[in-house]
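So the structure is just underneath, and the comments pick up after that.
Whatever order the structure lists them in is the order used to number ligands and atoms, beginning at 1.
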Amino acid sequence: MDHEHVRDVDPAVADALEGEVDRQRESLQMIASENHVSRAVIDAQGSALTNKYAEGYPGERYYGGCEYADEVEELAIDRATELFGPEHVNVQPHSGTQANQAVYFAMLEPGDKILSLDLNHGGHLSHGHPANFVGQLYDVEQYEVDPETGYLDYEGLAEQAAEFEPDIIVSGYSAYPREVEWERIQEAADDVGAYHLADIAHITGLVAADVHGSPVGTADFVTGSTHKTIRAGRGGIVMCDEEYADDIDAAVFPGGQGGPLMHNVAGKAVGFKEALESEFEEYASQTVANAKALGEGLSEHGFSLVSGGTDNHLVLVDLRESHPDTSGGDAEEALEDAGIVLNGNTVPGETRSPFDPSGIRAGTAGLTTRGFDEDDCREVADLIARVVDAPDDEDVIAEVREDVETLCTENPLYE
Ligand SMILES: Cc1ncc(COP(=O)(O)O)c(C=O)c1O
């Protein structure tokens with residue numbers, strides 16, 4: 001992947017861009033919120049549409065010269081509609097957080113009540129953490145997963161909702177490895193007259209491919225990021241029924257954003273087209289099969305998985321029992337030295353801190369894109385175990401680094 005035009009103007013940035021491509025090629029990207037988009041998506045996102053102001057929506061812009069912007073946005077909308085089946089979709093949110101912001105801004109007043117999953121239990125900052133605008137503008141109470149099983153406690157959630165009487169319940173998570181039963185959360189919301197926002201940021205690709213049940217048609221609002229399992233490049237989307245369409249559109253623009261990032265909307269259009277191909281379904285199923293194989297491999301090495309396994313693209317490992325002297329941060333650092341890039345993560349019942357948590361989270365979306373199968377993922381589990389068992393052993397790290405390089409060569413990226 002060359003960056004010849006950048007190099008002509010700015011060799012320092014060109015070096016960094018090439019360094020990043022090499023980093024992705026030569027190490028295992030297992031951060032569960034990441035993936036590798038196609039060259040087509042990269043082309044679209046690096047296109048001249050970055051120059052275009054297109055405030056408004058197709059056919060109703062505040063600027064001239066929007067005919068191609070309109071075409072691209074309509075294609076993104078049509079394809080998202082075909083993939084997910086909502087009555088209405090807005091493809092302009094700059095990110096998953098902006099998509100959530102649009103729903104809150106459209107449906108809530110400051111001070112209204114949000115019931116969402118605790119960050120330590122797999123929730124997301126934009127669901128109500130005090131450091132985020134959501135935690136500061138709204139009255140947030142949080143639910144937790146069952147401490148014994150690591151699964152969502154739907155009955156507890158319904159009881160908590162009956163007591164707290166939220167205006168909105170947020171489902172959809174950053175570090176929850178199990179299938180979500182959307183109907184049960186919708187029931188809890190209906191019982192107290194609350195809206196239900198299902199944030200499928202992580203599992204957008206799995207939902208599109210029908211590998212995970214869809215909340216579309218059940219939850220009042222469905223939001224997502226477009227750069228995770230769906231591989232459509234940076235951005236967000238909001239989906240809802242027609243009755244909320246005008247409110248949501250107005251909350252995205254002009255409510256929360258200015259001009260849409262039309263080059264990113266083009267990336268979404270291209271990525272959604274790719275996700276409509278039959279190969280994408282195979283990709284999504286393989287991603288889940290790979291996560292299962294990774295989880296089984298880790299369990300065989302004595303690691304404890306939150307909830308005991310996974311139904312989706314990620315595993316969450318609680319290191320406290322198997323490796324009491326190794327924090328998630330220590331493990332993350334040693335693994336990165338060995339070419340395995342993932343993140344330290346909080347776990348339910350966290351006893352350390354978000355800055356030095358007790359777990360690690362690992363996803364298989366990126367590995368699957370570059371061709372990994374279950375055997376490869378079992379091998380990755382072996383490599384993770386070798387490093388986390390001896391995080392200070394430089395010989396082990398060097399040996400694992402070599403094995404990682406072999407796996408990368410066998411499964412090339414961006415050739
Ligand atoms: C559940 C959930 N919602 C929202 C987001 C935010 O997405 P973005 O980084 O696109 O703002 C994330 C990011 O990982 C997430 O996990």
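In Ser95, the parts holding a heavy atom less than 4.0 Å from any atom of ligand 1 are both the side chain and the backbone. Residue-level proximity to ligand 1 for Ala201 is carried by the side chain, the only part with a heavy atom below 4.0 angstrom. Here Gln98 has no heavy atoms under 4.0 Å from ligand 1, in either its backbone or its side chain.
When hydrogens are left out, the protein atom nearest atom 10 (O) of ligand 1 is Gly96 N, 2.8 Å; that is the closest non-hydrogen contact. Atom 6 (C) of ligand 1 has His124 CE1, 3.3 Å as its closest protein atom, hydrogens excluded (heavy atom only). Counting protein heavy atoms only, atom 16 (O) of ligand 1 is closest to Ser174 OG, 2.6 Å. Scanning the protein heavy atoms around atom 7 (O) of ligand 1, the nearest turns out to be Ser225 OG, 3.1 Å. Regarding atom 4 (C) of ligand 1, its nearest protein heavy-atom neighbour is Asp199 OD2, 3.3 Å.
Under 3.5 Å, the side chains of Gln257 and Gln101 contain no donor-acceptor pair of N or O atoms.
Set against the non-hydrogen atoms of His202, the atoms of ligand 1 under 4.0 Å away are 14 (O), 16 (O). Short contacts between ligand 1 and His227, defined as distances under 4.0 Å to a heavy atom of the residue, involve ligand atoms 10 (O).
Judged by a 6.0 Å distance limit and a 45° cone about the ring axis, Arg370 is not positioned over the six-membered ring of Tyr414.
Contact check for Arg234 versus Thr226: no side-chain heavy atoms found under the 4.5 Å cut-off.
Under a 3.5 Å cut-off, the side chain of Glu18 and the backbone N or O of Asp2 do not form any donor-acceptor pair. At distances below 3.5 Å, not a single donor-acceptor pair connects side-chain atoms of Gln45 with backbone N or O atoms of Gly267.
Atom CG of Asn100 sits about 4.0 Å away from atom OG1 of Thr223, to the nearest 0.5 Å.
Ligand 1 has at least one atom lying under 4.0 Å from a heavy atom of Lys228.
The stretch residues 16-51 participates, sequence neighbours left out, in no ring pair (Phe, Tyr, Trp, His ring centres under 6.0 Å) pair at all.
We find that Glu20 and Arg25 are not joined by a salt bridge, their nearest charged nitrogen and carboxylate oxygen being 4.0 Å or further apart.
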